[in-house]
S.K.: 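Got a structure for you, written out below as structure tokens; questions coming shortly.
Being a predicted model, the structure only gives us computed values, none of them experimental.
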Amino acid sequence: MPTTYRTVVSIFDKKYTLSCEKDDETHIQDVAKIVDESMRLLSQDNKKLPAQQVAIIAALDLVEELLSLQSDYDSIESKY
């Protein structure tokens, strides 16, 4: 059974302690950085939005991007 580690990430000026496997620490940090950057970009354009709304919009944007990439991948894969 893998050993669980804790890693601290900073997203939108808040720190979160997350559990992960040792080999996943860098990946978790990279993911948190993408979320943080997405939230910061949104908040620059919408300075009056509360952090919770910024987080929800960022999540929706990131999932939309993921689904678009999955669709592109599926389309390319079906051609080959």
S.K.: Looking only at heavy atoms, what is the nearest atom pair of Val54 and Leu42, with distance?
M.R.: O-CD1, 3.8 Å

S.K.: Consider only side-chain heavy atoms of I, L, V, M, F, W and Y, link residues closer than 4.5 Å, and tell whether Phe12 and Ile34 are in one cluster.
M.R.: yes

S.K.: How about CD on Gln70, more than 12 heavy atoms from neighbouring residues, nucleotides or ligands closer than 6.0 Å, or not?
M.R.: yes

S.K.: Suppose we screen for side-chain hydrogen bond (donor to acceptor under 3.5 Å, both in side chains). Which residues come up paired with Gln29, at least two apart in sequence or across chains?
M.R.: Thr7

S.K.: Please enumerate all residues that pass side-chain hydrogen bond (donor to acceptor under 3.5 Å, both in side chains) together with Ser19, with sequence neighbours excluded.
M.R.: Arg6

S.K.: Determine, using the 4.5 Å side-chain heavy-atom cutoff (strictly less than), whether Leu41 and Leu62 are members of one ILVMFWY cluster.
M.R.: no

S.K.: Looking at side-chain heavy atoms only, is the closest gap between Asp36 and Lys33 below 4.5 Å?
M.R.: no

S.K.: Is the shortest side-chain heavy-atom distance between Val9 and Val31 below 4.5 Å?
M.R.: no

S.K.: Look up atom OG1 in Thr4 and atom CG in Leu18, then write down how far apart they are to the nearest 0.5 Å.
M.R.: 12.5 Å

S.K.: Does Glu64 form a side chain to side chain contact (heavy atoms under 4.5 Å, CB included) with Asp61? I'd like the steps, not just the answer.
M.R.: CA-CA 5 Å; Glu64 180 181 25; Asp61 286 348; 4.3 Å; yes

S.K.: Could you measure the distance from the CD atom of Glu21 to the CD1 atom of Ile28? Nearest 0.5 Å is fine.
M.R.: 10.0 Å

S.K.: Does Tyr5 belong to the same Ile/Leu/Val/Met/Phe/Trp/Tyr cluster as Tyr16, with side-chain heavy atoms less than 4.5 Å apart forming each link?
M.R.: no

S.K.: Quick check on Glu65: does its CD atom have over 12 non-hydrogen neighbours (other residues, nucleotides or ligands) under 6.0 Å away?
M.R.: no

S.K.: Apply salt bridge (Lys or Arg N to Asp or Glu O under 4.0 Å) to Arg40 and Asp13, showing your working.
M.R.: CA-CA 10 Å; Arg40 288 185 188 284; Asp13 298 326; 2.8 Å; yes

S.K.: Does Ser68 reach the side chain of Asp72, with side-chain heavy atoms less than 4.5 Å apart?
M.R.: yes

S.K.: Within this structure, what is the CG-CG distance for the pair Asp30 and Asp24, rounded to the nearest 0.5 Å?
M.R.: 11.0 Å

S.K.: Rounded to the nearest 0.5 Å, what's the gap from CE on Met39 to CD1 on Ile11? Could you check?
M.R.: 7.5 Å

